[in-house]
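This report refers to the structure that appears directly beneath it.
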Amino acid sequence: MCGIVGYIGKNDTTKFLLDGLKELEYRGYDSAGIAVLGDKKIDVFKALGKLHNLEEKVNTSSSKDYELGIGHTRWATHGQPTELNAHPHLGEYSYVVHNGIIENYKELKEELINLGHKFVSQTDTEVIVHLFENYNNKLNDTTKAFHSTIERLEGAFSILLITKAEPTKIFFFKHGSPLIVAKGNDENEVLFASSDAPLIGLANDVVYLEDGVGGIATTEGIEFFNNNYSWSTLPTSKQFAQKNGFRFFMEKEIYEQSDVVVDCMLGRLSDNEILFDEIDKSLIDGINEIKICACGTSYHSGLTASYLFERLSKIKCNVEIASEFRYKDPLLTKDTLFVVISQSGETADTLEALKMAKVAGLKTLVICNVDNSSMTRTADATILTRAGIEKGVASTKAFTTQTIVLWMLALYFGKAKNVLTNDKLSEELHALREVPKSLIIDDNMHEKTKRLSKRYLHGHGFFFIGRDVFFPLALEGALKLKEISYLHAEGYPAGEMKHGPIALADPELFTIALMPQNLLYDKIKSNVEELSARDSTICSISPLDFDLSDDFIKINETDHYMLEFFEMLIALQLLSMEISVRLGNDVDMPRNLAKSVTVE
Ligand code: F6R
């Protein structure tokens, strides 16, 4: 969720670092910083907010030539977005930038404090540089110290480290989070970046580091710690690089979902419980009801959560569309936990609903993707979804991470209230751990949605139907389709079709039926049979073959309905995108929409 860059060579070090960070700014822009080394001295520049703040600082206070440097643009995970928490982080004589999360940072920090190390930030990253110096002080060998440091770290990390103890070197390592090392176009130049974009045009030969690979770079070349690496050629188009080779940001973001849920769960899933450093168990004390408020896709994740809160935490939960809530003179009681959900943290209606709850004295919590947004600044507590910047206007990975956070929260409250048996909890934790796998996109499924898309370009509308959590998923499927294809689509509870909408059924009414094996299969099956009997065209998504379907998207058989939920979500997102592509629409910037709706 952060971006990192590094440089050794004869060209302008600060220029490479700042230009590179600009390319990565979409990864996070709470703060940014660089550490640059020249004449055996390290200068550090950090600034809050957008990158131009850092640029201004560097340009007004430095005209020196530097031999090497490292840089970072931050998307806060541990600790507030402040200058102290901005990278690079300092020990006594070394600096580190880090992308990822150090899961065991608390234990390490305690150990290092006991050894006399002084910490200035709230971040997990700072332990890396102290650990390194601790070993180096003992061993008097920077390479051994770096190896010993890496061995102690748990979690996901890509790291660049520089030190006055070895002022010609950049130490690097990758585990979990991405890192690329490149031979620059100029001789004796080595470049680093956490994704392609900063390197385009400046290098041809790159190594996309595998997990467990690290090394040391100097102007003499790159020494890798093992042979598990190979050189490849960098793409030449920046647009292409930013989209990682995908046609659209939306497509890239659909494919990213498996990785971002790993980020979202990092440090929050232990063997037998859910951990949220950012909230306190007392949040649920005295609470008899949860009220969720949100808009659009975020409302759909809220609706999904309402089933999970009642089922797993045994807390009454209701969900409201923020624009409705605001003007209904809602009755708010202090035994209600008020939860808002928002990708951007800026949606006007949701923000106003949050303010109303605060004025009424309710405890408030925001589930949000953007730290330091208006909502995170307003709510009593924040849980970040860590999806990384979402560029496609049609929300995809934001929904997935919101739903994961809410599912984890339902378990967290369930455990806090003692209403979950240990067996049930471990069953749920097991399912959560399987989610990244169920979000890996199978080529056959993508191919199938591409082929099917040509049959769904006309007709008089779509009904997406499902039951239980598959009803909000149906709403989300319909919303995705309408916003990028401009075709009429509705999400409906499957059991409700016979109370009116079934009158529309004919071959030109397309029904997308969500038929999970693990939840109410027979019930939804009979609802779909009713539609089939009226000759509606049926596309079912299920792990089980269904004879009455005209079209069928098969998902894997699993043992938990939420795994089916996420696999179906992928099918729905891909189907909408492929229909939109066939219709020649702008997938990433559909007409009439904006990414962040800051007006009423
Ligand atoms: C749909 C979509 C919108 C947003 C809605 C709320 O794909 O993106 O429906 O979900 O505008 O936005 P946030 O979550 O930023 O409050």
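Side-chain atoms are counted along with the backbone in the values below, which use heavy atoms only and exclude waters and symmetry mates. Keep in mind that this is a model prediction, so the values were computed, not measured. Counting convention: from 1, in listed order, for ligands and their atoms alike.
- Taking OG1 of Thr364 as the reference point, atom CE of Met375 lies at 12.0 Å (rounded to 0.5 Å).
- Residue contacts with ligand 1 include Lys480, since one or more of its heavy atoms lies under 4.0 Å from the ligand.
- An N or O contact shorter than 3.5 Å links Ser342 to ligand 1 by distance.
- Heavy-atom proximity to atom 7 (O) of ligand 1, evaluated over Gln573, Glu483, Met375, is greatest for Glu483.
- At a heavy-atom cutoff of 4.0 Å, ligand 1 is contacted by no atom of Glu346, backbone or side chain.
- Thr396 does not count as a contact of ligand 1, since none of its heavy atoms falls under 4.0 Å from the ligand.
- Inclusion of Gln402 in the set of residues having an N or O under 3.5 Å from an N or O of ligand 1 is not warranted.
- If you number the atoms of ligand 1 from 1 as listed, the ones under 4.0 Å from a heavy atom of Ala394 come out as 7 (O).
- Checked against the 6.0 Å centroid criterion, the rings of His488 and Phe463 do not qualify as a close aromatic pair.
- Cation-pi check for Lys363 over Phe338 is not met; the charged atom does not lie both under 6.0 angstrom from the ring centroid and within 45 degrees of its normal.
- For ligand 1, the atoms lying closer than 4.0 Å to a non-hydrogen atom of Val393 are 7 (O), 8 (O).
- Listed by number with element, the atoms of ligand 1 under 4.0 angstrom from any heavy atom of Gln343 are 13 (P), 14 (O), 15 (O), 16 (O).
- Side chains of Ser395 and Glu390: a donor on one and an acceptor on the other come within 3.5 Å.
- At least one test fails for Lys252 against the ring of Phe246: distance under 6.0 Å to the centre or angle within 45° of the axis.
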Only distances under 3.5 Å count here; give the side-chain donor-acceptor pairs of residues 435-444 to other protein atoms, sequence neighbours excluded, each with its distance to 0.1 Å.
unit_1: Lys437; atom_1: NZ; unit_2: Glu434; atom_2: OE1; d: 3.0
unit_1: Ser438; atom_1: OG; unit_2: Val435; atom_2: O; d: 2.9
unit_1: Asp442; atom_1: OD1; unit_2: Asn444; atom_2: N; d: 3.4

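- A salt bridge (Lys or Arg N to Asp or Glu O under 4.0 Å) with Arg268 is found for one member of Glu103, Glu273, Glu278 and no other, namely Glu278.
- The Ser298 neighbourhood of ligand 1 comprises atoms 10 (O), 13 (P), 14 (O), with distances under 4.0 Å to a heavy atom of that residue.
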